[in-house]
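Before any comments, here is the structure.
When a ligand or atom number is given, it counts from 1 through the structure's own listing order.
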Amino acid sequence: MSSNKIVLIPGDGIGPEITSVTLKVLEAAGAKIDWVERMAGESALAAEGEVLPQSTLDAIHEHGVALKGPCTTPVGKGFKSVNVQLRKAFELYAAVRPVRNLPGVETRYTGVDLIVIRENTESLYSGVEAEITPGVVTSTKVATEKGCTRIAEWAFNYARQRGRKKITAFHKANIMKLTDGLFLRCAEEVHKNYSDIEYDTAIIDAACMRMVQDPTQFDMLLLENLYGDVVSDLAAGLVGGLGVTPGANFGDERVIFEAVHGSAPDIAGQNKANPLALLMSGVMMLKHLAATMNDDSFANAAERIKAAYDACLQAGEKTGDLGGSLGTKEFADAIIARL
Ligand code: NAI
């Protein structure tokens, strides 16, 4: 969509804290964005009586791009995940999570530069669960040829655009022969049109072991929904945790940028959250706007923000999760000071 109107969803828990400072940094970098604020999650339930109000759906439908804070989902009971509902409502089938080492963030590994592509609409996230009889419940894993083909197509296309060399699909098709088998067959079929990109497969349990032994052996990962969810957090742990891993959920028409992490209720309201993952998602958004609106000012703002947070991290100006002493607001101010 060619407008600088972007939907902002603060979300729950640490969401409002990290979205407000992210906006401050984007503004200070000169990103000209007209924010359209809407609610989702527990906060929307309390204020408007529903977790995903129609006005939020309408705004995303109209403007096409959103920056979203995390939304809480009750565990084992209560309403269905707002995140899953949003991804389904707009067919945001491709989740992209870049995972890279950052300067000044010491971890066990160096040279990690991975992109995790997660299918976002199918698998066990379809929410098809039933109680067959008391004490016996089932959950149905859904895979469709259409869904598996479009995510593979998206991943190979993205790899080509980004100059990536290789995609590895993680699977468990030795056990889930039909569903994961279909996922692999579709990827293999799509790969025939992308002979410039290497493609291989790995059984997910052994692949996770290989990830923690040497993550640099992977370039891009292609995963169905649940595996993608789990492996994204694993990958985040390789480079400093959830505070430094951004993400985006793409459909053919709309896109929602959000961090990989959740609403972190354990640290909410304490000025402790690291806003970087959301800010990095904001940088991904600026690059997307620069490309779709053909406007270099967004790309310039993105580069300036990246240089500023890199410089902060390098100088040890960071939040507690990364071993620093700054609060959410102080870290954002330090970034602004370096812009
Ligand atoms: P979480 O990601 O919220 O937290 C896991 C751990 O990482 C916690 O110790 C938390 O304090 C820490 N953490 C997360 N983000 C951080 C940040 N920015 N800075 C510093 N530390 C951070 O995962 P959890 O606890 O499993 O889920 C909490 C809620 O979030 C649940 O209701 C879950 O459904 C929801 N959730 C929402 C997501 C979304 O909106 N996209 C994604 C994942 C979870």
Side-chain angles (χ1 to χ4, degrees), residues 7-22 25 38-45 51-52 56 60 66-90 92 95-97 99 102 105 116 118 120-121 124-125 127 225-226 228-250 255-282 284 309 313 318-332 335:
V7 180
L8 176 75
I9 300 173
D12 302 320
I14 59 171
E17 297 165 69
I18 58 173
T19 45
S20 71
V21 300
T22 295
V25 176
R38 292 289 182 272
M39 300 188 93
E42 278 186 330
S43 46
L45 185 63
V51 285
L52 191 51
T56 304
I60 299 172
L67 182 66
K68 175 184 162 295
C71 294
T72 299
T73 307
V75 176
K77 58 180 167 44
F79 58 82
K80 282 191 177 176
S81 160
V82 170
N83 311 306
V84 174
Q85 287 186 55
L86 274 172
R87 291 166 195 168
K88 279 195 181 157
F90 296 110
L92 307 176
V96 182
R97 280 114 186 244
V99 179
L102 288 166
V105 180
V116 180
R118 162 186 176 190
N120 236 356
T121 59
L124 286 163
Y125 275 69
N225 207 344
L226 182 62
D229 185 24
V230 176
V231 170
S232 297
D233 279 29
L234 186 159
L238 303 173
V239 295
L242 289 167
V244 297
T245 317
N249 302 298
F250 283 92
V255 52
I256 297 182
F257 293 86
E258 64 177 339
V260 170
H261 64 70
S263 56
D266 52 333
I267 55 167
Q270 300 169 42
N271 192 39
K272 280 187 184 164
N274 187 351
L276 193 51
L278 186 69
L279 181 60
M280 291 165 87
S281 310
M284 286 173 77
Y309 68 63
L313 296 173
K318 39 193 180 183
T319 45
D321 56 312
L322 300 179
S325 58
L326 299 186
T328 311
K329 288 183 189 149
E330 292 70 25
F331 179 52
I335 296 173

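Residue-to-ligand polar distances place Ala264 within reach of ligand 1: an N/O pair is separated by less than 3.5 Å. Annotation: Asp321 places no N or O atom under 3.5 Å from an N or O atom of ligand 1; distance criterion only. At least one N or O atom of Gly262 sits closer than 3.5 Å to an N or O atom of ligand 1.
Summarising the geometry of Glu258 relative to Gly69, their closest heavy-atom pair is OE1-O, 4.5 Å, with the distance given to 0.1 Å. The two atoms that bring Asp12 and Thr72 nearest to each other are OD2-N, 2.9 Å, heavy atoms only.
The protein heavy atom nearest to atom 28 (C) of ligand 1 is Pro265 CD, 3.6 Å. Taking atom 19 (N) of ligand 1 as the reference point, the nearest protein heavy-atom neighbour is Asn274 N, 2.9 Å. The shortest contact between atom 41 (N) of ligand 1 and any protein heavy atom is with Glu258 OE1, 3.1 Å. Ranking the protein heavy atoms by distance from atom 39 (C) of ligand 1 puts Asn83 ND2, 3.2 Å first. Scanning the protein heavy atoms around atom 8 (C) of ligand 1, the nearest turns out to be Asp266 OD2, 3.5 Å.
Residue contacts with ligand 1 for Ala277 are absent, since no atom lies close enough (heavy atoms, distance under 4.0 Å).
Short contacts between ligand 1 and Thr72, defined as distances under 4.0 Å to a heavy atom of the residue, involve ligand atoms 32 (O). Residue Ile267 has at least one heavy-atom neighbour below 4.0 Å for each of these atoms of ligand 1: 11 (O), 20 (C), 21 (N).
If you run side chain to side chain contact (heavy atoms under 4.5 Å, CB included) between Leu276 and each of Thr328, Leu313, Thr319, Val105, only Leu313 comes through. Of the candidates Lys329, Glu330, Glu17, Glu330 is the only one forming a side-chain hydrogen bond (donor to acceptor under 3.5 Å, both in side chains) with Asn271.
Within 4.0 Å of atom 21 (N) of ligand 1, at least one protein heavy atom is present. Distance remark: protein heavy atom present below 4.0 angstrom from atom 2 (O) of ligand 1. For atom 26 (O) of ligand 1, the nearest protein heavy atom lies 4.0 Å away or farther.
Relative to atom 33 (C) of ligand 1, the option among Ile9, Val84, Leu322, Thr73 with the closest non-hydrogen atom is Thr73. Relative to atom 14 (C) of ligand 1, the option among Gln270, His261, Lys68 with the closest non-hydrogen atom is His261. Looking at Gly13, Ser263, Cys71, it is Ser263 that brings a heavy atom closest to atom 29 (C) of ligand 1. Among Leu242, Asp229, Val260, the residue whose heavy atom lies nearest to atom 7 (O) of ligand 1 is Leu242.
The shortest separation from a heavy atom of Asp233 to ligand 1 is not under 4.0 Å, leaving the residue out of contact. Note on ligand 1: Lys272 sits outside its first shell, no heavy atom being nearer than 4.0 Å. Contact annotation: Ala273 has at least one heavy atom less than 4.0 Å from an atom of ligand 1.
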Trace of the side-chain contact (heavy atoms from CB on, under 4.5 Å) decision for Lys68 with Asn249
CA-CA 10 Å; Lys68 175 184 162 295; Asn249 302 298; over 6 Å; no
Start with the C-alpha distance between Tyr309 and Val25, add both sets of side-chain angles, then the distance that settles side-chain contact (heavy atoms from CB on, under 4.5 Å), and finish with yes or no.
CA-CA 10 Å; Tyr309 68 63; Val25 176; over 6 Å; no
Taking it one step at a time, do Val239 and Val244 satisfy side-chain contact (heavy atoms from CB on, under 4.5 Å)?
CA-CA 8 Å; Val239 295; Val244 297; 4.1 Å; yes
From CA spacing to verdict: side-chain contact (heavy atoms from CB on, under 4.5 Å), Arg118, Val260
CA-CA 12 Å; Arg118 162 186 176 190; Val260 170; over 6 Å; no
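Between the CZ atom in Arg97 and the CE atom in Met284 there is a gap of 10.0 Å [rounded to 0.5 Å]. With rounding to the nearest 0.5 angstrom, the CZ atom of Phe331 is 7.5 Å from the CG atom of Leu322. Here the straight-line distance linking atom CG of Asn120 with atom CZ of Phe250 works out to 11.5 Å at 0.5 Å rounding. To the nearest 0.5 Å, atoms CG (Leu234) and CG (Asp229) are separated by 11.5 Å.
In this structure the side chain of Leu278 reaches within 4.5 angstrom of the side chain of Thr19, judged on heavy atoms.
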